[in-house]
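Notes to accompany the following structure.
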Amino acid sequence: MRRYFGRKLLTYTLTLFIAATIDWLIPRFMPGDPVYGLMSRMGNNSSPEAAKALSDYYYNLFGLNQPIWQQYLNFWGGLLHGDLGRSVFEHGQPVTDAIMAAVPYTLALLIPAILLSWWAGNSFGALAARRKWLDNTMLPVGYILTATPYMWLGIVLAFVFGFTLKMFPFANSYGLNLEPSFTWLFFTDLVAHWMLPFLSLFLVMFGGWAIGMRNMIIYELDADYSRYLEALGAPQRLVRKYAFRNAMLPQITGLALQLGVIVAGSLVTEIVFSYQGVGLLLFNAIKSEDYFLLQGIFLFVIVGVLAANFLVDIAYVIVDPRTRVGMRGGTA
Amino acid sequence: MSSVIASEPKAEQAPQSPGAAAAVPTPKPRGEFLYFALRSRKFLIASTILLILVGIAVLGPIIDSTNPNAQDGLMNQGPSLKAGYWMGSTSFGEDVFSQFANGLRATFFVGLLGGGLAALVGMAIGFTAGYRGGWIDEILNMVTNVFLVIPTLALLIVIASYLQRSWPEARGILFEAIFVGLTSWPWAARAIRAQTFTLRSRDFIDLAKLSGRRGWKIILQEIAPNMSSYLFMTFILLFGGAILIAASLDFIGLGPTNGMSLGLMMYNSLNYGAALFLGLWWWFIPPGIGIMATVGALYVMNVGLDEIFNPKLREI
């Protein structure tokens, strides 16, 4: 178990290090000059001397005139203090604060959507592997759902249930006539706004898990141990139970593998619904070319995905006894 | 993208149970492939859908040569033959069908190039790691794991948003495909590595080694042909994945600036046309259906091919 976690932690530390380094490298080694970009964006048409002074000022401000290794060290120094710079879009607010304000909304969407779709998809997939008619209807639906772009399902749900049927609001995370407060009115409003983005995330993921589980169960039922149990005359229920347990392991690994895609899905879903989570913040950062915010969000998403990966690893250890007795389970 | 598809979990397990399912690729005569392909309902349906879509993408812009970005027609026109817009027009007076056909073209282009590039990188890393083993494998595996965890889209967003200011020429469909391809290989590398692992210790590989052939020749002539069906299926999944990632990128507003793509159609309809609030459904429904049909058909085709190549899965 120690070996298992040791390996995982090493990978994650390395990932964080590489991701942060890429984050630092991109603005510096991309073709073009970020300061020049910033100045051209301000529509600078003053005299060359003034432009020179301004660009010197910016080089100095961002520490771009220091030696490259010094810049890299400064970057890590700031990072370890939680200092990601200030956001232009959020009126000079520290990037960390702007992100922290958006995180609860994103988590409120992601966590229920991931857990519920994983649970429902697995149960449904296991059920479908048992009933022919259910399998025949579920399989095409499942494939259609996994192939659907997150944002488009969001748009369709907003159009059908929001615009046409007027059942749910489909913009913002709460009514603009309300102030965030701990009242029943605000809470119901929050849930109403949450419903459609949640549903679009849930449905796309559900299709994937259901198909994965269905395929794994069919595969496991064909394995030697299932055949042997059947030959011994074990009841169908028992065989299926063992098959389900074994089919669960790749689904857990699958969850870890899918995390990046899921997060990406939530980012675009938030944009569709103007749901004020990290995704919408990112969208605004791109539109207003707020690079500190952009890079801060990138790092933040990486840290979040790494933490979630680690949680999945812990779940794996609980579910798979092999990892506990020192054998290498899963794919370390 | 991958874990939902039939063959991937099996690849995960392959090292523990050599000889299981997809791990036993046996070379088959072409006739047998056709025989089973023509009897696989999944394969037939999926290839029909794909053929239709490719037809629209290739022939559409030729038959209807309206410029997809020309803002010179009727505005907010619903689908109507009388007005000359059988798929409607946007709030800028652009022709939706022309946008759709050109966007579909871009979608296939990004899928083919991005997916193909990712497959090449994945094969290079997967084969090397799986065949060489030892410390080379350790390093490549670590690199793969690191890039597997980094969310591709987040990385692409940062790169693309810097490029839009500092190197605007790179904001085309070609560069998008290249970037998507260079970031979506990790799971493929891992799956191919696992497959290579199961083949590496077979007798015929030992024989090839004894005959003194070079490592890369053994990989290309002995290992790759023995998992060609698996490699092709990996490419199909990467194809679909690249399309979805590119669509998300376009939807965020980091797509091509002077071309047309399905993701861009959705982006424009929501952000500039307020299509959701005006109910201009003919603007944002077609691009999504185009992506869904393409990617869905690719996924179903993958499962169909799995059944064709792998006798154990055949329903017939």
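Numbered from 1 within each chain, the chains take letters A, B, ... in sequence-line order. Treat the numbers as computed from the prediction; the structure is a model and nothing was measured.
Heavy atoms of B:I289 lying under 4.5 Å from chain A belong to its backbone as well as its side chain. Neither the backbone nor the side chain of B:T152 comes within contact range of chain A, judged by heavy atoms closer than 4.5 Å. Interface residue B:L155: backbone and side-chain heavy atoms are both found under 4.5 Å from chain A. Looking at B:L270, only its side chain comes within 4.5 Å of chain A, counting heavy atoms on both sides. When heavy atoms are compared at a cutoff of 4.5 Å, B:L278 approaches chain A solely by way of its backbone atoms N, CA, C and O. With a 4.5 angstrom heavy-atom cutoff, B:L148 touches chain A only via side-chain atoms.
Heavy-atom neighbours of B:F108 CZ from other residues, nucleotides or ligands within 6.0 Å: above the threshold of 12. The 12-atom threshold is not exceeded at CG of A:D224, counting heavy atoms of other residues, nucleotides or ligands nearer than 6.0 Å.
We find the OG1-CZ distance between A:T269 and B:F251 to be 8.5 Å, quoted to the nearest 0.5 Å.
Interface check for chain A: of the options B:V300, B:I252, B:I157, B:L276, the most heavy-atom pairs under 4.5 Å are formed by B:L276. Most heavy-atom pairs under 4.5 Å with chain A: of the set B:A154, B:S248, B:G288, B:S269, this distinction falls to B:G288. Highest contact tally toward chain A, considering only B:G253, B:G279, B:A297, is held by B:G279 [criterion: heavy-atom pairs under 4.5 Å].
Using the six-membered ring where Trp is involved, A:Y291 and B:Y162 have ring planes that are parallel, under 30° apart on the 30 and 60° scheme.
Ring pair A:F170/B:F277: centre-to-centre distance below 6.0 Å.
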- Item | Test side-chain contact (heavy atoms from CB on, under 4.5 Å) applied to B:M266 and A:V268, step by step | CA-CA 11 Å; B:M266 289 192 253; A:V268 289; over 6 Å; no
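Between the A:W152 side chain and the B:F284 main chain, a donor and an acceptor come within less than 3.5 Å of each other.
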